[in-house]
Number of protein chains: 2
Amino acid sequence: MASRPKATILDIAREAGVSKSTVSLVLQGSGLIRPETALKVRKAIEDVGYVYNRGAANLRKAHSNVIGMVINDLTNPFFAEMAVGMERVFQSAGIVPFIANTAENPVRQEEVLKSLMEQGVAGLIVSPARGTTPGAFRRIEMAGLPIVFTMRRLPESRIPVIAPDNHRGAWLATAHLIGKGHRRLAFFGGSSDLVVYHERLGGFREACEGLGIAKRDTLVVEGETSRKGGIACLETALAMAEPPTAALCFNDAVAFGVMLALRKRGLEPGADFAVVGFDDVIEAQHYMPALTSVAVDSAGLGERAAHVMLKMIQSRTTRAEDHIGAVNLVVRDSCGPDRRAGMGDAA
Amino acid sequence: MASRPKATILDIAREAGVSKSTVSLVLQGSGLIRPETALKVRKAIEDVGYVYNRGAANLRKAHSNVIGMVINDLTNPFFAEMAVGMERVFQSAGIVPFIANTAENPVRQEEVLKSLMEQGVAGLIVSPARGTTPGAFRRIEMAGLPIVFTMRRLPESRIPVIAPDNHRGAWLATAHLIGKGHRRLAFFGGSSDLVVYHERLGGFREACEGLGIAKRDTLVVEGETSRKGGIACLETALAMAEPPTAALCFNDAVAFGVMLALRKRGLEPGADFAVVGFDDVIEAQHYMPALTSVAVDSAGLGERAAHVMLKMIQSRTTRAEDHIGAVNLVVRDSCGPDRRAGMGDAA
DNA sequence: TTGATTTGTTGGAACGTTCCATTTAATAGC
DNA sequence: GCTATTAAATGGAACGTTCCAACAAATCAA
């Protein structure tokens with residue numbers, strides 16, 4: 001029960017009959033040590049049940065092999081996919097990502113960032129929580145710690161961002177709806193304190209304008225970026241005098257909510273009301289009807305972010321280029337049968 | 001660009017005109033320091049952009065405020081929910097959970113555990129990867145580090161487990177199917193190298209036996225615990241001479257796959273073939289048809305695990321009681337309309 | 001043989017904290 | 001004015017590692 005005092009490098013040295021320096025060298029896989037000596041040491045390590053103290057080590061060499069990954073909503077499968085993409089590239093670089101969830105809470109985020117920094121991470125990949133204040137990352141920048149944002153950017157920040165082409169994605173989706181003959185369009189979900197929101201809404205607006213939809217035939221309903229939010233948005237929209245017949249949703253979760261609410265009202269998603277999602281999470285293709293959505297290649301973005309981070313660490317810089325990932329509209333069944341059958345506007 | 005050398009406690013001491021010990025005391029929120037002095041120190045900390053070095057601190061006091069959470073599949077929303085539950089309780093205890101994903105890969109798991117230990121975590125909550133060898137946690141036990149398993153247990157291990165009542169859950173679900181009049185039943189997905197698998201399969205078997213289903217009218221198909229696995233299971237089953245008419249699936253992902261495959265064959269889940277899932281992830285209620293599933297209260301299990309861990313850390317023990325969480329069958333539409341309408345066997 | 005080089009190994013200082021024992025300053029009791 | 005007590009601040013050793021400079025033993029060149 002009472003765990004005896006932890007073994008240190010000195011205990012191993014004694015056990016193996018060498019000096020602590022030799023043990024240290026073995027631990028680092030130095031080629032300077034005679035193979036038989038190394039073997040002896042490794043055996044001692046095994047026997048004693050030694051565990052390396054990275055904290056102590058970092059005290060001297062000051063660069064760790066862990067990077068922090070701060071995510072605003074672990075529950076959204078989209079982020080889980082992205083995390084998996086990152087892990088792939090980090091693993092092969094011998095660095096270990098620790099994930100922390102902020103649950104969209106800036107205070108929690110502050111704590112988590114602090115903790116990660118204290119732990120001595122080599123870098124930070126962050127998808128900032130909603131309502132993050134502009135100054136929230138000042139400390140980190142001051143410390144010269146490499147940091148990149150994914151998915152979301154902060155209003156006026158010089159921190160590099162890896163994100164999909166939100167504007168274009170929204171434009172494509174909106175054009176698709178208009179091409180289907182819809183004339184009264186809505187944009188559902190999200191809130192204006194997110195830069196992404198403005199990007200997506202911007203694409204929506206531009207498509208409407210460019211393709212001849214009057215501003216007054218256009219409805220924007222802010223809301224939570226969840227199923228619940230989607231349900232609320234639809235209720236609001238259908239309560240209008242001249243309700244829209246189609247909606248571009250801030251993300252897939254909102255779209256699922258909208259479809260759910262439609263069903264509950266006896267309306268058939270696709271036939272009675274067209275809906276497009278954003279992100280194209282795996283579930284999208286499995287829903288009934290399958291959801292037309294803007295695919296953003298989450299795993300790819302994750303990999304990209306990881307690569308950028310690796311570069312920054314290597315070149316010990318804190319700057320990097322933004323990276324805007326290609327998007328593409330995946331047409332499925334949630335916008336009704338294609339009236340212009342065969343024209344196929346999927347990319 | 002070139003970040004100047006990190007500030008230490010001594011830099012702050014100089015800046016504030018006090019000794020390093022005083023700074024240390026302030027950092028720990030000791031009441032021994034005169035408020036004005038503390039203020040001066042705190043100001044210096046802010047000015048200099050100091051970041052606390054927890055590694056150095058742990059060198060002396062040897063108990064950190066981080067615990068590691070090792071999860072076998074972050075992509076499964078079930079685990080994300082559980083993680084969220086844990087975070088809730090840890091947050092209020094001032095301890096920070098770092099999550100690491102093993103992607104069901106024992107080698108990866110080994111690395112991740114090693115890394116976490118080296119980092120000096122105070123404890124470990126693990127959902128072991130499939131194929132974990134019995135000895136995988138020996139090192140950790142030797143080190144006297146508190147560890148608890150969630151969801152999965154290892155064959156002969158004395159490590160405490162927090163998990164749902166798999167046997168009973170499977171029994172309930174199977175009884176439900178039999179009650180619906182099904183006489184040829186299948187158990188889909190999962191693999192026999194998992195203890196959970198045997199627990200759930202055991203519940204299935206016991207219900208069949210107890211409720212008069214002959215063993216030869218029973219089909220067991222192992223498979224991946226994913227949508228893909230579910231699809232494969234159904235294909236296999238329908239290729240049999242006398243295929244089953246209902247299936248209990250290892251988890252919801254498998255069930256979703258089965259429903260998908262049914263559709264693809266022109267069969268209607270619920271009407272033509274009954275399916276029950278396990279875990280009751282949020283998606284279950286949103287599918288068409290909504291999936292009947294065994295609810296396990298993932299967030300609750302997460303909270304429970306976190307509490308147990310907290311206790312273990314406080315009482316510096318490495319033992320704890322297992323905890324088997326209550327389950328309950330949530331009846332929805334994936335098993336067809338209830339022929340005995342009104343009897344309602346949902347809990 | 002001597003000195004130079006190579007191959008393995010080693011002691012000691014340093015890293016940034018905590019904590020104990022101690023000192024200094026302020027206050028109280030008489 | 002003196003000691004006793006309390007409050008506030010401090011110096012130094014310790015924690016477990018790395019890394020440099022140094023050393024010992026073996027090999028080589030002459």
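In what follows, every chain begins at residue 1, and chains take the letters A, B, ... in the order their sequences are listed.
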Polar pairs (N or O, both sides) under 3.5 Å between protein and nucleotides 14-16 of chain C?
residue : atom : partner  : partner atom : Å
dA14(C) : N3   : Arg60(A) : NH1          : 3.0
dG16(C) : N2   : Ala56(B) : O            : 3.3

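- Residues Glu321(B) and Pro160(B) are not in side-chain contact: their nearest non-hydrogen atoms beyond the backbone lie 4.5 Å or more apart.
- Put simply, the side chain of Ser64(B) gets close to the backbone of Gly120(B): a donor and an acceptor are under 3.5 Å apart.
- Near DNA chain C, meaning a heavy atom under 4.0 Å away, there are no residues from residues 32-43 of chain B.
- Contacts of residues 19-30 of chain B with DNA chain D (heavy atom under 4.0 Å): Ser19(B), Lys20(B), Ser21(B), Thr22(B), Leu25(B).
- Salt bridge Lys43(B)/Glu46(B): absent, no basic N to carboxylate O contact under 4.0 Å.
- Look at Arg153(A) and Asp322(A) and you find a salt bridge, because one of the NZ, NE, NH1 or NH2 atoms lies within 4.0 Å of a carboxylate O, short of that distance.
- Counting only N and O atoms by type, the side chains of Thr102(B) and Gln109(B) include no donor and acceptor under 3.5 Å apart.
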Ignoring hydrogens and angles, write down the donor-acceptor pairs under 3.5 Å from the side chains of residues 66-74 of chain A, residues two or more places apart or on other chains.
residue  : atom : partner   : partner atom : Å
Asn72(A) : OD1  : Ser127(A) : OG           : 2.8
Asn72(A) : ND2  : Glu104(A) : OE1          : 3.4
Asn72(A) : ND2  : Glu104(A) : OE2          : 3.1
Asp73(A) : OD1  : Thr75(A)  : N            : 3.0

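- Five base pairs at each end of the helix from dT1(C)-dA30(D) to dC30(C)-dG1(D) define two local axes, and these are offset by 40° (rounded to 10°).
- Salt bridge absent: Lys20(A) and Glu15(A) never bring a charged side-chain N and a carboxylate O closer than 4.0 Å.
- Atom CD1 in Ile12(B) sits about 15 Å away from atom C1' in dT18(C), given to the nearest Å.
- Taking all atoms of both residues into account, the shortest heavy-atom contact from Leu310(A) to Ala93(A) is CD2-CB, 3.8 Å.
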Is there any protein nitrogen or oxygen under 3.5 Å from a nitrogen or oxygen in nucleotides 22-24 of chain C, and what are the pairs?
none

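- Only at 4.0 angstrom or more do the heavy atoms of residues 115-124 of chain B sit from any atom of DNA chain D, so none qualifies.
- Without hydrogens or angle criteria, Thr132(B) side chain to Ala129(B) main chain gives a donor-acceptor distance under 3.5 Å.
- Salt bridge annotation for Arg138(B)-Glu141(B): absent, with no cationic side-chain nitrogen under 4.0 angstrom from a carboxylate oxygen.
- A donor-acceptor pair is defined here as one N or O able to donate and one able to accept, closer than 3.5 Å; such a pair exists between the side chain of Arg139(B) and the backbone of Tyr50(A).
- Counted by atom type alone, Ser115(A) and Gln119(A) present zero donor-acceptor pairs between their side chains at under 3.5 Å.
- Scanning for salt bridge (charged side-chain N to carboxylate O under 4.0 Å, His left out) contacts around Glu303(B) gives Arg88(B), with sequence neighbours left out.
- Taking the six-membered ring for Trp and thresholds of 30 and 60 degrees, Phe149(B) and Phe137(B) have ring planes more than 60 degrees apart, a perpendicular arrangement.
- Under the salt bridge (charged side-chain N to carboxylate O under 4.0 Å, His left out) criterion, no residue pair touches residues 22-31 of chain B, with sequence neighbours excluded.
- For the side-chain hydrogen bond (donor to acceptor under 3.5 Å, both in side chains) condition, the pairs that include at least one residue of residues 89-101 of chain B, sequence neighbours left out, are Glu87(A)-Asn101(B).
- Residues Ser21(B) and Ser24(B) have side chains that never bring a donor and an acceptor to within less than 3.5 angstrom of each other.
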Which protein N or O atoms sit under 3.5 Å from an N or O of nucleotides 21-23 of chain D?
none

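- Considering only residues two or more places apart in sequence or on other chains, Lys114(A) meets the salt bridge (charged side-chain N to carboxylate O under 4.0 Å, His left out) condition with Glu118(A).
- Side-chain contact between Val308(A) and Ile162(A): present, with at least one pair of heavy atoms (C-beta onward) separated by less than 4.5 Å.
- Listed for the Ser315(B) side chain is a donor-acceptor partner under 3.5 Å among the backbone atoms of Lys311(B).
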